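Contents: one structure, followed by commentary.
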Amino acid sequence: MAPLGDGAVAASADNLVVSFGEMLIDFVPDVAGLSLAESGGFVKAPGGAPANVACAISKLGGSSAFLGKFGDDEFGHMLVNILKQNGVNAEGCLFDQHARTALAFVTLKKNGEREFMFYRNPSADMLLTEAELNLDLIRRAKIFHYGSISLISEPCRGAHLAAMRAAKAAGILCSYDPNVRLPLWPSEEAARAGILSIWKEADFIKVSDDEVAFLTQGDASDEKNVLSLWFDGLKLLIVTDGDKGCRYFTKDFKGSVPGYKVNTIDTTGAGDAFVGSLLVNVARDDNIFHNEEKLREALKFSNACGAICTTQKGAIPALPTVAAAQELIAKGN
């Protein structure tokens, strides 16, 4: 099958991608370049990397589900409704009557990059237990996708590990995007150790250049540092390099695919749009790990999806359609 970038038919329900982890409310300043204290107002936007990925997949015509816990409050019910409105299967969503839905205040710098201040003390997503997991949903998946925020504290860490074990036992592809958020971890050392603790369980890993630098404590542009993250059994390692595009590594080939220049307003969700679009193509045809031409086509499409997502505020509202991505690819740089 040709990747979606070639305009092929999208994924069927058989190609389910289950995203596990957190969904929260991002409060984004209505004016870029101001500190949180200076901001006069905020735009409320749904966020949380695993949920963004689920919505990206669905918007691109794929089949996705989200597994996580929300506060039994207005924000929690709003978020689950947003998942449903975006075509995401929400049967793995639970509500906690004793904890709130997580919030994050996001500072937008002038270049569209951002910093986070989180309110999770603890939030409902941190309180998901192993006993509450919808294992049937996980076992129906073609791909199980997760980040690292769910590893920070118990009981959610135990639930994450149990969900991953169930996926691996069922022969499901495991997809990992660490999404480093240092303010949430006790220390940089704890973050590095926690993120790497499950590294070798994944079949596919996507990291940003900044995350390579953090995890290896070296220069992300130096291929030796990137390859220190490789391990036998990994099918694909992707490094995203912002608007420069991405680098890819498999056991048989490696290379890079250039990105697209757009008017960047907010980078929130760009990596999630990239991952979601790639997972749609992997779910349709996992031969992509062994066929460099197909992989490059898929990555061109993913680069376009990531770029489009930066052109408006918020993650889920900015997620692209197949047509928008194909239009940007046709225009070129």
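Because the structure is a prediction, the values reported are computed rather than measured. For this chain, numbers begin at 1 and follow the sequence in order.
Salt bridge Glu223/Lys254: present, at least one basic N to carboxylate O contact under 4.0 Å. One finds no salt bridge joining Asp14 and Lys142 here, because no Lys/Arg side-chain nitrogen approaches an Asp/Glu carboxylate oxygen to under 4.0 Å. Salt bridge annotation for Lys84-Glu91: absent, with no cationic side-chain nitrogen under 4.0 angstrom from a carboxylate oxygen. Using a 4.0 Å cut-off between a side-chain N of Lys or Arg and a carboxylate O of Asp or Glu, Lys300 and Glu297 qualify as a salt bridge. Arg120 and Asp125 are joined by a salt bridge, as a carboxylate oxygen and a charged side-chain nitrogen come within less than 4.0 angstrom of each other. The pair Asp177-Lys206 meets the salt-bridge criterion, since a charged nitrogen lies less than 4.0 angstrom from a carboxylate oxygen.
Side-chain heavy atoms closer than 4.5 Å link hydrophobic residues (I, L, V, M, F, W, Y) into clusters, and following such links, even through other members, never connects Val88 to Phe144. Residues Leu237 and Leu196 share a single hydrophobic cluster, defined by chaining ILVMFWY side chains whose heavy atoms lie under 4.5 Å apart. Val28 and Ile316 sit in two unconnected hydrophobic clusters of ILVMFWY residues. Membership requires side-chain heavy atoms under 4.5 Å apart, directly or through other members. Hydrophobic clustering, with ILVMFWY side chains joined whenever heavy atoms are under 4.5 angstrom apart, keeps Phe116 apart from Val43. Under the 4.5 Å side-chain heavy-atom criterion for grouping Ile, Leu, Val, Met, Phe, Trp and Tyr, Leu83 is not connected to Ile57 through any hydrophobic cluster.
Using a 4.5 Å heavy-atom cutoff, the side chains of Leu67 and Cys93 are not in contact. Looking at heavy atoms from C-beta onward, Pro122 lies in side-chain contact with Leu127 at the 4.5 angstrom threshold. With contacts defined as side-chain heavy-atom distances shorter than 4.5 Å, the pair Leu79/Thr101 qualifies. Using a 4.5 Å cut-off on side-chain heavy atoms (C-beta onward), Phe231 and Ile205 make contact. Put simply, the side chain of Pro258 does not reach to within 4.5 Å of the side chain of Lys244, judged on heavy atoms. Side chains of Leu279 and Phe204 form a contact here, defined as non-hydrogen atoms less than 4.5 Å apart. At a threshold of 4.5 Å between non-hydrogen side-chain atoms, the residues Asp26 and Phe42 do not count as touching. Taking the side chain as every heavy atom from C-beta outward, Leu295 and Leu236 approach each other to under 4.5 Å.
Between the side chain of Glu154 and the main chain of Gly158, a donor-acceptor pair closer than 3.5 Å is present. At distances below 3.5 Å, at least one donor-acceptor pair connects side-chain atoms of Ser277 with backbone N or O atoms of Phe274. A donor-acceptor pair under 3.5 Å links the side-chain atoms of Arg192 to the main chain of Phe214, judged by distance alone. Judged by distance alone, with hydrogens and angles left aside, the side-chain atoms of Glu201 form no donor-acceptor pair with the main-chain N or O of Ile198 at under 3.5 Å. Ser58 places a side-chain N or O within donor-acceptor distance of the main-chain N or O of Gly87, the cut-off being under 3.5 Å. Here the side chain of Asn86 pairs a donor or acceptor atom with the backbone of Ile82 at under 3.5 angstrom. Checked by atom type and distance alone, the side chain of Thr240 never pairs as donor or acceptor with a backbone atom of Gly242 at under 3.5 Å. Remark: side-chain polar atoms of Tyr176 are not paired, donor with acceptor, to backbone N or O of Asp203 under 3.5 angstrom. Although no hydrogens or angles enter the test, the distance criterion places a donor-acceptor pair under 3.5 Å between the side chain of Ser197 and the main chain of Gly194. No donor-acceptor pair under 3.5 Å is formed between the side chain of Glu327 and the backbone N or O of Ala324.
How far NE2 of His290 is from CG of Asp285: 9.5 Å, rounded to the nearest 0.5 Å. Rounded to the nearest 0.5 Å, atoms CD1 (Ile143) and CG (Leu173) are 5.5 Å apart. Here Asp266 contributes atom CG and Gln312 contributes atom CD; the two are 9.5 Å apart, rounded to the nearest 0.5 Å. Separation of atoms CD1 (Ile288) and NZ (Lys235) is listed at 14.0 Å; rounding is to 0.5 Å. Of the inter-residue distances, the one linking Ser39 atom OG with Leu34 atom CG reads 5.0 Å to the nearest 0.5 angstrom. Of the inter-residue distances, the one linking Ile265 atom CD1 with Asn263 atom CG reads 5.0 Å to the nearest 0.5 angstrom.
For Tyr146 and Phe20, the ring centers sit 6.0 Å or farther from each other. In this structure, Phe105 has its ring center at least 6.0 angstrom away from the ring center of Phe118.
Contact detail for Pro46 and Asn52: the closest heavy-atom pair is O-OD1, 4.3 Å. Annotation for Thr267 and Thr310: closest pair CA-CG2, 4.0 Å, computed over non-hydrogen atoms. When all heavy atoms of Ser35 and Thr107 are compared, the closest pair comes out as CA-CG2, 4.2 Å. Contact detail for Pro320 and Lys59: the closest heavy-atom pair is O-CG, 3.7 Å. Closest non-hydrogen pair, Ile138 versus Ala163, comes out as CD1-CB, 3.6 Å. Across all their heavy atoms, Ser150 and His160 have their closest contact at OG-ND1, 2.7 Å.
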| Which is it for Phe301 and Ile329 under the side chain to side chain contact (heavy atoms under 4.5 Å, CB included) test, yes or no, and what are the steps along the way? | CA-CA 7 Å; Phe301 181 69; Ile329 292 166; 4.1 Å; yes

| query | Between Phe75 and Leu103, does a side chain to side chain contact (heavy atoms under 4.5 Å, CB included) hold up when you go through it step by step? | reply | CA-CA 9 Å; Phe75 283 150; Leu103 309 178; 3.6 Å; yes

| task | For Phe249 and Leu227, run side chain to side chain contact (heavy atoms under 4.5 Å, CB included): C-alpha distance rounded to whole Å, both residues' side-chain angles, the deciding distance at 0.1 Å, then the answer. | result | CA-CA 8 Å; Phe249 302 86; Leu227 289 175; 3.7 Å; yes

| query | Taking it one step at a time, do Leu151 and Ile195 satisfy side chain to side chain contact (heavy atoms under 4.5 Å, CB included)? | reply | CA-CA 8 Å; Leu151 297 170; Ile195 288 163; 5.7 Å; no

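Within 6.0 Å of atom CD in Glu38, more than 12 heavy atoms from other residues, nucleotides or ligands are found, so the atom counts as buried in its surroundings. Counting non-hydrogen atoms of neighbouring residues, nucleotides and ligands closer than 6.0 angstrom, the CZ atom of Phe253 exceeds 12 such neighbours. By the neighbour-count criterion of 12 heavy atoms within 6.0 Å, atom CZ of Arg181 is densely surrounded, having more than that number from other residues, nucleotides or ligands.
Looking at Asn89, Val18, Leu135, Ile172 one by one, the single match for side-chain contact (heavy atoms from CB on, under 4.5 Å) with Arg140 turns out to be Asn89.
No side-chain N or O of Thr250 forms a donor-acceptor pair with one of Asp252 less than 3.5 Å apart. A donor-acceptor pair shorter than 3.5 Å can be found between the side chains of Asp219 and Ser221. Between the side chains of Asp72 and His77, at least one donor N or O lies within less than 3.5 Å of an accepting N or O.
A cation-pi geometry, defined here as NZ or CZ lying under 6.0 Å from the six-membered ring centre and within 45° of its normal, does not hold between Arg296 and Tyr248.
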